[in-house]
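Everything numeric in this text was worked out from a predicted model, so none of it was measured. So that the names make sense, note that chain A is the first sequence line, chain B the second, and so on, each numbered from 1.
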Amino acid sequence: GAGVSQSPSNKVTEKGKDVELRCDPISGHTALYWYRQSLGQGLEFLIYFQGNSAPDKSGLPSDRFSAERTGGSVSTLTIQRTQQEDSAVYLCASSLAVGGLGYGYTFGSGTRLTVV
Amino acid sequence: EDKVVQSPLSLVVHEGDTVTLNCSYEVTNFRSLLWYKQEKKAPTFLFMLTSSGIEKKSGRLSSILDKKELFSILNITATQTGDSAIYLCAVVPSGSARQLTFGSGTQLTVLP
């Protein structure tokens with residue numbers, strides 16, 4: 001697609017429920033990133049996918065968080081047994097593998113998750 | 001642990017004012033520094049700075065990096081209400097790491 005597409009744009013869920021957030025990167029971008037932005041905070045790195053390599057999961061805050069990327073394209077971030085502190089905007093970005101750092105990032109519009 | 005600190009956290013000015021936003025960093029392996037503008041939800045890229053002392057300019061916005069003192073500034077002259085946004089600074093590491101380290105941002109509000 002022309003840009004990075006994320007869905008849903010807003011999600012309200014009850015504490016304890018599981019949620020799935022979707023990211024559809026720019027076609028041809030092999031690198032995909034998930035970040036989280038809590039109210040008044042900067043972006044916190046969660047996970048990074050690069051082609052067929054094993055993902056860098058070093059930013060995932062707990063084992064309730066997981067992500068997968070199917071066919072090197074669409075990615076799904078799953079949060080199990082949601083807690084109120086999971087409320088945040090979840091941003092996805094994609095970039096070309098080579099020279100894509102920073103200036104090559106294109107962010108999606110994010111999913112605003114509210115856990116009540 | 002890499003760290004990026006932005007100041008001020010928030011700033012309110014009137015149209016026509018000039019503002020300077022600050023970003024300082026402590027990183028193990030520095031490659032470049034980035035500025036983003038975030039309106040609503042998606043950050044949009046403004047500048048990438050790699051070398052000290054070379055000003056990057058785009059219209060009324062400009063930025064410069066000081067690698068000795070480990071900081072960058074973003075200047076906006078003749079501010080307009082459309083400049084109201086969160087301005088994010090991020091550091092790109094060298095080596096194999098690919099994730100950025102972001103500061104908490106500066107919330108700029110430009111009043112008419």
Check your understanding: Mind checking whether B:L34 and B:V27 sit in one hydrophobic cluster, side chains of I, L, V, M, F, W, Y counted as touching below 4.5 Å?
Key -> no
Point to revise | Atom of B:A42, atom of A:L91 and distance for their closest heavy-atom approach | key: CA-CD2, 4.5 Å
Review point. Would A:L43 and B:V4 show up in the same hydrophobic cluster when neighbours are defined by side-chain heavy atoms closer than 4.5 Å?
Key: no
Point to revise | Side chain A:Y33, main chain B:L100, donor-acceptor under 3.5 Å | key: no
Review point. Does atom CD of B:E55 have more than 12 heavy-atom neighbours, drawn from other residues, nucleotides or ligands, at distances under 6.0 Å?
Key: yes
Point to revise | Per-residue contact mode, A:S58 against chain B (heavy atom under 4.5 angstrom) | key: side chain
Check your understanding: Do B:L33 and B:L74 sit in the same hydrophobic cluster, where Ile, Leu, Val, Met, Phe, Trp and Tyr count as joined when their side-chain heavy atoms come under 4.5 Å apart?
Key -> yes
Point to revise | From A:Y35 atom OH to B:F102 atom CZ, the distance as rounded to the nearest 0.5 Å | key: 5.0 Å
Review point. With a 4.5 angstrom heavy-atom cut-off, which part of A:Q37 approaches chain B: side chain, backbone, both or neither?
Key: side chain
Review point. Is the number of heavy atoms from other residues, nucleotides or ligands under 6.0 Å of B:K3 NZ greater than 12?
Key: no
Review point. Applying the 4.5 Å side-chain criterion to the ILVMFWY set and letting contacts propagate, would B:I73 and B:L49 be lumped into a single cluster?
Key: no
Exercise for review: For chain B, find which of A:A93, A:S109, A:G110 contributes the most heavy-atom pairs closer than 4.5 angstrom.
Suggested key: A:S109
Practice item. State the OG1-CD distance between B:T101 and A:E44, to the nearest 0.5 angstrom. Key: 11.0 Å
Review point. In Å, rounded to the nearest 0.5 Å, how long is the span from CG of B:D2 to CZ of A:F45?
Key: 12.5 Å
**Study point:** Which atoms of B:Q38 approach chain A - backbone, side chain, both or neither, heavy atom under 4.5 Å
**Key:** side chain
Review point. Is the number of heavy atoms from other residues, nucleotides or ligands within 6.0 Å of CD (A:E14) greater than 12?
Key: no
**Study point:** Euclidean distance, A:Y105 OH relative to B:T44 OG1, rounded to 0.5 Å
**Key:** 15.5 Å
Exercise for review: Verify the cluster assignment for B:I76 and B:W35: are they in a single hydrophobic cluster under the rule of side-chain heavy atoms below 4.5 Å apart?
Suggested key: yes
Point to revise | Heavy-atom pair count under 4.5 Å with chain A, highest-scoring of B:G103, B:P43, B:S10 | key: B:P43
